[in-house]
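Notes follow the structure.
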Amino acid sequence: METITISQAPQHVGETVKIGVWLTDKRSSGKIAFLQLRDGSGFFQGIIRKNDVDEATFEAAKHDLHPETSFVVTGEIAEDKRSKFGYEIHINDLEIVGQSDEYPIGNKEHGIDFLLDHRHLWLRSRKPWALMRIRSQVKLSTMEFFDKHGFTQFDAPILTSSAPEGTTELFNVDYFDEDAYLSQSGQLYGEAGAMALGRIYTMGPTFRAEKSKTRRHMTEFWMIEPEMAWCHEEESEEIQEQYVAYLIQDLIDKCPTELEMVGRSVESLKPFTELPYPRITYKEAIEMLQKGGMDVKYGDDFGAPEETFLADQFNKPVFIKNYPRSIKAFYMPTDPEDAQQVICADLLAPEGYGEIIGGSERSYDYEYITSKLEENGLSKEDYGWYDDLRKYGSVPHSGFGMGLERFLSWVTLQDHIRENIPFPRMLNRLRP
RNA sequence: GCAGACAUAGCCCAGUUGGUAGAGCGUCUGACUGUUAAUCAGAGGGUCACAGGUUCGAGUCCUGUUGUCUGCGCCA
């Protein structure tokens with residue numbers, strides 16, 4: 001007899017098979033019981049009738065199966081329109097493997113704090129299952145997209161000697177009696193990679209010790225940071241929008257069930273696969289905000305309300321280009337049309353989700369970079385290697401960073417990014 | 001870092017001028033042959049966050065402590 005998974009059930013209609021499962025819920029009558037089953041590959045229902053099994057098995061189904069009890073079922077796969085999945089299994093026999101008593105998570109009515117305290121178990125529920133499948137697909141699609149476009153995956157170090165942008169707080173670790181820090185960006189290392197391999201991308205965890213308490217922040221999150229040699233900002237933006245559209249199209253094609261499970265309709269995502277995305281300048285954005293009655297002036301960075309307002313003017317992601325130098329990173333080159341500004345763009349997601357990508361051209365001028373490093377108090381000892389990238393065969397290059405969980409929270413319509421990573425790390429949450 | 005809320009059963013929450021601690025869900029027992037948050041009947045379940053104070057009497061009023069959530073800032 002063949003052992004299959006729930007996801008393979010449609011190919012085994014009429015066959016008697018074995019499946020290793022967990023119970024999510026059950027309903028029973030005097031002579032029939034409905035067992036809601038999951039096995040990691042999917043969810044469906046098992047039916048057990050008193051007349052089809054011996055009495056001990058039927059009694060076991062009624063009394064010994066509790067939420068998350070693991071067992072092996074033997075039965076015949078049937079197509080049935082009364083089942084939500086479309087298929088179900090008529091059980092002839094079952095063998096309990098692992099008992100489960102008083103499972104803490106029910107079908108409804110839990111607060112977020114309780115659920116996060118039980119994250120190791122909550123992951124078994126439907127919504128986290130769907131969110132983790134979507135996350136996995138996005139990472140796979142990322143690798144496929146960049147591979148197709150000639151990029152090499154390039155892993156930046158996580159332990160670093162100091163801070164790339166010098167401003168944010170870093171997690172300090174003891175590195176054999178020397179101070180080291182957990183990386184807050186792989187970008188500078190990515191630039192070294194681009195000079196070696198042309199086009200690279202990093203994909204890995206990033207750490208920020210900022211005491212942020214918002215729906216858009218975690219202390220540990222994942223970034224995807226492509227870096228491209230011989231590339232100006234305009235070309236980088238084209239890659240960015242193609243990448244975002246590619247991720248969304250792949251989700252539409254490969255994860256429609258998971259999207260529906262988390263409340264995101266496939267139809268609502270389709271417009272975001274149509275390119276190009278609109279582009280406006282920072283100055284135009286300021287004008288739009290002022291006309292909209294918001295209290296901003298040139299030189300201000302945008303907060304959440306401003307980002308939402310701007311994104312609401314378009315029904316697509318929108319690039320905001322060329323911000324003032326004062327609110328951007330030291331390595332961004334001067335905008336030739338306005339010396340107060342730098343060549344960069346942020347991509348704002350629609351529907352109130354704010355910035356999902358920050359990117360820019362990188363200055364490749366040795367004098368400019370060395371003076372900026374000095375202005376920002378970044379030492380030769382720690383950043384001399386970054387100078388070298390300009391000293392030996394410097395070329396125009398650009399790159400960007402996408403926050404994986406921010407992207408995911410947008411496409412899955414979550415109001416907080418914490419459910420888009422298996423074990424979120426936040427200001428007040430380090431366990432489980 | 002700033003501001004505002006909250007803390008009562010395993011969970012989600014009520015609790016009136018201060019007067020014996022409540023419901024729903026889950027759990028357990030029973031009924032029911034197509035249930036989808038099943039339904040019906042019954043049972044069990046509490047150091048009211050912690051520490052003081054006022055009072056004949058505090059879940060309720062006062063003070064302090066701790067924890068959590070939400071929004072803002074910072075950013076992805």
Side-chain angles (χ1 to χ4, degrees), chain A residues 24-37 43-52 58 62-64 66-67 78 80-85 88 90 100-118 121-122 126 163-165 167-170 183-187 202-225 300-307 327-329 346-349 353-359 400-410 415-418 420-421 426-429:
Chain A
T24 62
D25 192 16
K26 71 177 174 187
R27 287 175 281 280
S28 66
S29 301
K31 296 178 181 173
I32 186 169
F34 300 91
L35 309 180
Q36 306 305 318
L37 309 174
F43 298 81
F44 81 160
Q45 168 170 276
I47 290 97
I48 185 162
R49 294 172 197 274
K50 195 168 185 176
N51 293 340
D52 294 350
F58 191 74
K62 283 187 75 170
H63 295 290
D64 298 336
H66 307 284
D80 196 313
K81 285 176 183 161
R82 290 173 293 188
S83 154
K84 278 181 179 169
F85 179 57
E88 49 193 28
H90 290 273
S100 169
D101 287 326
E102 312 235 335
Y103 186 68
I105 299 176
N107 280 333
K108 56 176 178 175
E109 291 192 330
H110 294 295
I112 187 64
D113 198 44
F114 176 84
L115 289 170
L116 286 173
D117 281 344
H118 296 82
L121 300 176
W122 184 29
R126 284 170 177 265
E165 298 184 32
T167 50
T168 42
E169 291 183 52
L170 301 177
S183 172
Q184 64 155 8
S185 167
Q187 184 206 311
T202 70
M203 177 160 58
T206 300
F207 306 88
R208 304 270 168 96
E210 292 155 350
K211 295 189 173 177
S212 300
K213 294 179 72 170
T214 82
R215 65 179 70 184
R216 287 199 280 270
H217 291 85
M218 293 187 291
T219 51
E220 177 180 326
F221 62 100
W222 281 58
M223 277 211 291
I224 291 142
E225 296 181 286
D300 291 346
D301 203 355
F302 302 137
E306 289 80 20
E307 287 186 351
I327 54 175
K328 287 292 175 184
D346 287 352
L347 184 66
L348 306 186
Y353 283 86
E355 182 183 347
I356 53 172
I357 289 180
F400 60 96
M402 186 180 85
L404 176 60
E405 292 82 11
R406 285 214 181 153
F407 172 80
L408 289 168
S409 71
W410 166 46
D415 61 7
H416 198 298
I417 66 172
R418 64 192 161 203
N420 289 104
I421 189 167
M426 295 177 293
L427 182 55
N428 293 313
R429 187 164 291 281

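Convention: sequence-line order gives letters A, B, ...; per-chain numbering from 1. Side chains included, hydrogens not; waters and symmetry mates left out as well; all remaining heavy atoms used. Given the structure is predicted, the values throughout are model-derived calculations rather than measurements.
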Considering only side-chain heavy atoms of A:Ser29, which listed nucleotide, B:U70, B:C11, B:A38, is closest?
-> B:A38

Any donor-acceptor pair under 3.5 Å linking the side chain of A:Lys31 with the backbone of A:Asn51?
-> no

For B:A38, take OP1 and OP2 only and decide whether either is under 4.0 Å from a side-chain N or O of A:Arg27.
-> yes

Side-chain heavy atoms of A:Gln36 within contact of A:Arg27, under 4.5 Å | yes

How close do A:Arg216 and A:Tyr353 get, heavy atom to heavy atom, and via which atoms?
-> CD-O, 3.9 Å

Can you tell me, in whole Å, how much space there is between the C1' of B:G46 and that of B:C2?
-> 38 Å

In short, A:Thr206 meets A:Ser185 closest at the heavy-atom pair CG2-N, 3.9 Å

Report the distance from atom CG of A:Leu115 to atom P of B:G10, rounded to the nearest whole Å.
-> 17 Å

B:U16 versus B:C62 - spacing of their P atoms, nearest Å | 14 Å

When both distances are under 3.5 Å in a Watson-Crick or G-U wobble arrangement, the nucleotide paired with B:C13 is B:G22

From CD1 of A:Ile327 across to C1' of B:C74 the rounded distance in Å is 13 Å

If B:C40 has a Watson-Crick or G-U wobble mate with both distances under 3.5 Å, name it; if not, just say none.
-> B:G30

Separation of B:U33 atom C1' from A:Ile48 atom CD1, nearest Å, is 13 Å

Give a yes/no on whether any side-chain N or O of A:His118 is located under 4.0 angstrom from OP1 or OP2 of B:C11.
-> no

Would you say B:C75 has OP1 or OP2 under 4.0 Å from some side-chain N or O of A:Arg216?
-> no

Which nucleotide, B:G34, B:C72, B:A76, lies nearest any side-chain atom of A:Ile47?
-> B:G34

Given atom NZ of A:Lys62 and atom P of B:G30, what is their separation to the nearest angstrom?
-> 8 Å

Between B:U66 and B:C28 - P atom distance, rounded Å | 40 Å

Of the listed B:G34, B:C75, B:G71, the closest approach to the A:Arg208 side chain comes from B:C75

B:U70 pairs with which nucleotide, Watson-Crick or G-U wobble, both distances below 3.5 Å?
-> B:A3

Is there a Watson-Crick or G-U wobble partner for B:G57 with both distances under 3.5 Å, and which nucleotide is it?
-> none

Does A:Asp113 or A:Asn51 map to a spot on RNA chain B nearer the 5' end, using the closest nucleotide for each?
-> A:Asn51

Heavy-atom side-chain contact between A:Asp346 and A:Glu307 under 4.5 Å = no

Quick one: A:Asn428 CG to B:U66 C1', roughly how many Å, whole number?
-> 12 Å

B:A43 versus B:A7 - spacing of their C1' atoms, nearest Å = 29 Å

A:Lys84 side-chain N/O to B:A37 phosphate OP1/OP2 under 4.0 Å = yes

When rounded to whole Å, the CD1 to C1' distance for the pair A:Ile112 and B:G67 reads 17 Å

Rounded to whole Å, the OH-P distance (A:Tyr103 to B:G10) equals 18 Å

Report yes or no: is the ring centroid of A:Phe34 under 5.5 Å from the six-membered base ring centroid of B:G34, with the two planes under 30 degrees?
-> no

Want to settle it: does A:Pro104 or A:Ser212 sit nearer the 5' end of RNA chain B, counting the closest nucleotide to each?
-> A:Pro104

Could you tell me whether the side chain of A:Ser100 and the main chain of A:Pro67 form a donor-acceptor pair under 3.5 Å?
-> yes

